[in-house]
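For reference, the structure is listed below as structure tokens.
Letters A, B, ... mirror the listed sequences (proteins, then strands); counts begin at 1. Values reported hereafter were calculated over all heavy atoms of this structure, with side chains retained and with hydrogens, waters and symmetry mates removed.
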Amino acid sequence: MNTPYSFDHDAYAAALHERFGHLTDGEESGVTVKVAGRVMLLRTQGKLAFGTLRDSSGEIQLFALSAVAHEFEAFTKLHLGDWVGVEGEVVRTKRGELSVKVGFWQVLAEARQNFGDKWAGIADFDLRYRHREADLWANPETRISLTRRSQVLQSIRRNLWDQDFMEVETPMLNGIPTGAAARPFVTHHNALGAEFFLRIAPELWLKRLVVGGYERVFEMGRVFRNEGISPRHNPEFTMLELYVAYWDYENMMTLTEELCAKVAMDVLGTTEITYQGREFSFKTGWPRRSMAELASEAVGEDVSVHTPMDRLTKLLNDRDVKVHASWGAGRCLSELFEATAEADIWNPMFVTEHPLEISPLARGHRRDPLLTERFEAFATGRELANGFSELNDPDVQRARFEDQARLAAAGDDEAMQIDHDYIKALEWGLPPTAGLGIGIDRLAMLIADASNIREVIAFPTLKPIREP
RNA sequence: GCGCCUCUAGCUCAACGGCAGAGCAAUGGACUCUUAAUCCACAGGUUUCGGGUUCGAAUCCCGAGGGGCGCACCA
């Protein structure tokens, strides 16, 4: 089929409703516009035809009269989903529907595939995720969710730019996978003959930029973790990481809650959010409570990193958690927190003072050498953000890496590897610095009221279809 | 990776051991103000795939594949 290379489009559906809302039933505006979009519905009635045109802004009715419309017969034979460009006068029909009275029109592209039931849409998850392009037309909620995600990204960038952050990009192909506890994807560079790992976090690179003198940096981009897929996990997901020189973790908690409140205001116009039928608030002033305090409350007795191992082991065993031989009191406390208090945190809260044992990149706590100045933000029972006062002493960092290496040798396949380049970077001097990581997909889920992470990822990771 | 559930026409769904059906879409037609238009007609299927049980299987059983939800891992 011969279709044009361009169309001189000059009007959007939503703008027409705004501009011509005043037209009375049967009134003609005398204004000619050129609209474009897909024909979503078509009703013919002898020498009349009504179509529903949908563009990125909304919908507007097309009103065709055989005496007026160019090639009226062909117009009545359009398929649902066809892209058309239409030139015509803006009118309101006798029955009160604002319309473009079709004059010249042309097919811009045909739809040869069906867009699903025009009332029920597409329900099949496989089809929706593998062919999001069809899902976007068939299910308006999909368009809203993905649009909200985009608005979240936009809001974060604008807010950080406004606070003098510099957006940077760091390598995704890494010789050593580090910056988090996770299993990596492995790939290979032919010319270098070298194994590379897709990044699991940009953390160490970003801190090296702070060493380099950029006092406020952020990166928002994809990280890759070779782990299970679930309604809350996609193997590639979007992480915001940011670092601020001269700050500690208390300052960073304040930034975190302010950023969330601003994003909610920018995207939804309120900090009061309904997630899966239940309310929570992104208003600032989130409680800041230590992990030990929350775990103690949950188990009904005082527990901390100073609690004897046999007691912690007993408490974990009571909750069907098996204690691994390599675990110390710190890991046990963290496991106890996860097994008890974590899932019940519905309203945003900062959990602070994580054990040093599970925080190899965080700076030791100024009041307790077994703890770190770290926080995690929880909301609706899930982790949303993680941050800390950054460990900036190269000797201490080397010792922490060595501890990790011992764990790796003992069979922990998520323990970090020693990054000598990073130690060397710290030897050039990292000022006191605080860092933050936010799982953007998780945040987008809250903003878009999505129960599954796939609803806020345009093309989620799926199993490739294997030929039998 | 393990467990439970699921897969029927292009889409949404019936039929649940006894002739595979409907609505929408598509195709042909009627209709000068429709709103998921309506009406008439026509067409559409190795019931995801491969085995098995049975006189008879979409339906019961086994295996494979895709998907959903839990668990585990994690953000």
> Mind checking who B/C31 pairs with, Watson-Crick or G-U wobble, both distances under 3.5 Å?
Replying inline: none
>> Any heavy-atom pair between the side chains of A/Arg19 and A/Val31 that's under 4.5 Å?
In response: yes
> Is the ring of A/Trp119 stacked on the base of B/A36, with centres less than 5.5 Å apart and planes under 30° off?
Replying inline: yes
>> Is the shortest side-chain heavy-atom distance between A/Ile345 and A/Val351 below 4.5 Å?
In response: yes
> Please give, in whole Å, the distance from B/G28 C1' to A/Lys77 NZ?
Replying inline: 9 Å
> With rounding to whole Å, what would you report as the distance between B/U6 and B/G28 at their P atoms?
Replying inline: 41 Å
> Using the benzene-type ring in the case of Trp, are the ring centres of A/Trp83 and A/Trp105 under 6.0 Å apart?
Replying inline: no
> Does A/Arg130 have a side-chain nitrogen or oxygen under 4.0 Å from the phosphate oxygens OP1 or OP2 of B/G67?
Replying inline: yes
> B/C40 and B/G45: how far apart are their C1' atoms, nearest whole angstrom?
Replying inline: 25 Å
> Which residue, A/Glu373, A/Glu250, A/Met253, A/Met291, forms the side chain to side chain contact (heavy atoms under 4.5 Å, CB included) with A/Thr352?
Replying inline: A/Met253
> When the distance from CZ of A/Arg382 to P of B/C73 is rounded to whole Å, what number comes out?
Replying inline: 18 Å
>> Between C1' on B/C73 and CZ on A/Phe224, what's the gap in Å once rounded to a whole number?
In response: 19 Å
>> Walk along nucleotides 7-14 of chain B from 5' to 3' and tag each nucleotide B, S or - by protein heavy-atom contact under 4.0 Å, base first, then sugar-phosphate.
In response: ---BBSS-
>> Distance check needed: B/C71 C1' versus A/Lys322 NZ, whole Å only.
In response: 15 Å
> Using the C1' atom in both, what is the distance from B/A15 to B/A25, to the nearest Å?
Replying inline: 22 Å
> Rounded to whole angstroms, how far apart are CG on A/Leu80 and C1' on B/A26?
Replying inline: 10 Å
> Taking the same atom, P, in B/A43 and in B/G21, what whole-Å distance lies between them?
Replying inline: 13 Å
> Where the side chain of A/Glu227 is defined as all heavy atoms beyond and including C-beta, which of B/C73, B/U32, B/U27 is the nearest nucleotide?
Replying inline: B/C73
Below 3.5 Å, can you tabulate the donor-acceptor pairs from side chains in residues 40-49 of chain A to any protein atom, sequence neighbours excluded?
| unit_1 | atom_1 | unit_2 | atom_2 | d |
| --- | --- | --- | --- | --- |
| A/Arg43 | NH2 | A/Gln61 | OE1 | 2.9 |

>> Rounding to an integer number of angstrom, what distance separates B/C5 and B/C60 when you compare their P atoms?
In response: 11 Å
> What integer number of Å spans the C1' atoms of B/C73 and B/U54?
Replying inline: 45 Å
> Salt-bridged, A/Arg92 to A/Glu97, with N to O below 4.0 Å?
Replying inline: no
>> Any non-hydrogen side-chain atom of A/Phe224 less than 4.5 Å from a side-chain atom of A/Met172?
In response: yes
> Is it true that A/Arg288 and A/Glu257 make a salt bridge, defined as a side-chain N closer than 4.0 Å to a carboxylate O?
Replying inline: yes
> Is it the case that A/Glu89 and A/Thr32 place a side-chain donor and acceptor less than 3.5 Å from each other?
Replying inline: no
>> Between A/Tyr129 and A/Phe459, is the ring centroid distance below 6.0 Å?
In response: no
> Do we count A/Phe237 as stacking onto B/A75 if the rule is ring centres under 5.5 Å and planes under 30°?
Replying inline: yes
>> Could you tell me the Watson-Crick or G-U partner of B/A37, where both distances fall under 3.5 Å? Say none if there is no partner.
In response: none
>> Rounded to whole Å, how long is the line connecting atom CD1 of A/Ile453 with atom P of B/C69?
In response: 12 Å
> When the nearest nucleotide of RNA chain B is assigned to A/Glu383 and to A/Phe63 on a heavy-atom basis, which residue is associated with the more 5' position?
Replying inline: A/Phe63
> Looking at B/G68, B/C33, B/U32, which one has an atom nearest to any side-chain atom of A/Lys47?
Replying inline: B/U32
> OP1, OP2 of B/C73 versus side-chain N and O of A/Arg225: anything below 4.0 Å?
Replying inline: no
> Which letter, B, S or -, goes with each nucleotide of nucleotides 37-42 of chain B from 5' to 3', with contact meaning a protein heavy atom under 4.0 Å?
Replying inline: B-----
> Does B/G56 have a Watson-Crick or wobble mate here (both distances under 3.5 Å), and if so which one?
Replying inline: none
> Which whole number of Å gives the distance between the P atom of B/C61 and that of B/C7?
Replying inline: 13 Å
>> Need the pair for B/G21. Rule: Watson-Crick or G-U wobble, both distances under 3.5 Å, any strand; none if unpaired.
In response: B/C13
> Do A/Tyr249 and A/Glu390 meet the criterion of a side-chain donor-acceptor pair at a distance under 3.5 Å?
Replying inline: no
>> Is the terminal nitrogen or CZ of A/Arg278 (NZ for Lys, CZ for Arg) located under 6.0 angstrom from the six-membered ring centre of A/Trp346 and within 45° of that ring's axis?
In response: yes
> For RNA chain B, whose closest nucleotide is more 5', that of A/Ala181 or that of A/Pro231?
Replying inline: A/Pro231
> Taking a pair as Watson-Crick or G-U wobble with both distances under 3.5 Å, which nucleotide is matched to B/G3?
Replying inline: B/C69
>> Going by purine N1 to pyrimidine N3 plus the second Watson-Crick contact, or the G-U wobble pair, all under 3.5 Å, which nucleotide sits opposite B/U46?
In response: none
> Looking only at atom C1', what distance separates B/A20 and B/C13, rounded to whole Å?
Replying inline: 14 Å
>> Whole angstroms only, please: what is the CD-C1' distance between A/Glu97 and B/U32?
In response: 18 Å
> Whole-Å distance between B/C69 P and A/Arg232 CZ?
Replying inline: 11 Å
>> What's A/Asn234 touching, base or sugar-phosphate or nothing? Going by heavy atoms closer than 4.0 Å.
In response: base
> Counting side-chain heavy atoms from CB outward, which of B/G66, B/A26, B/G68 is closest to A/Tyr129?
Replying inline: B/G68
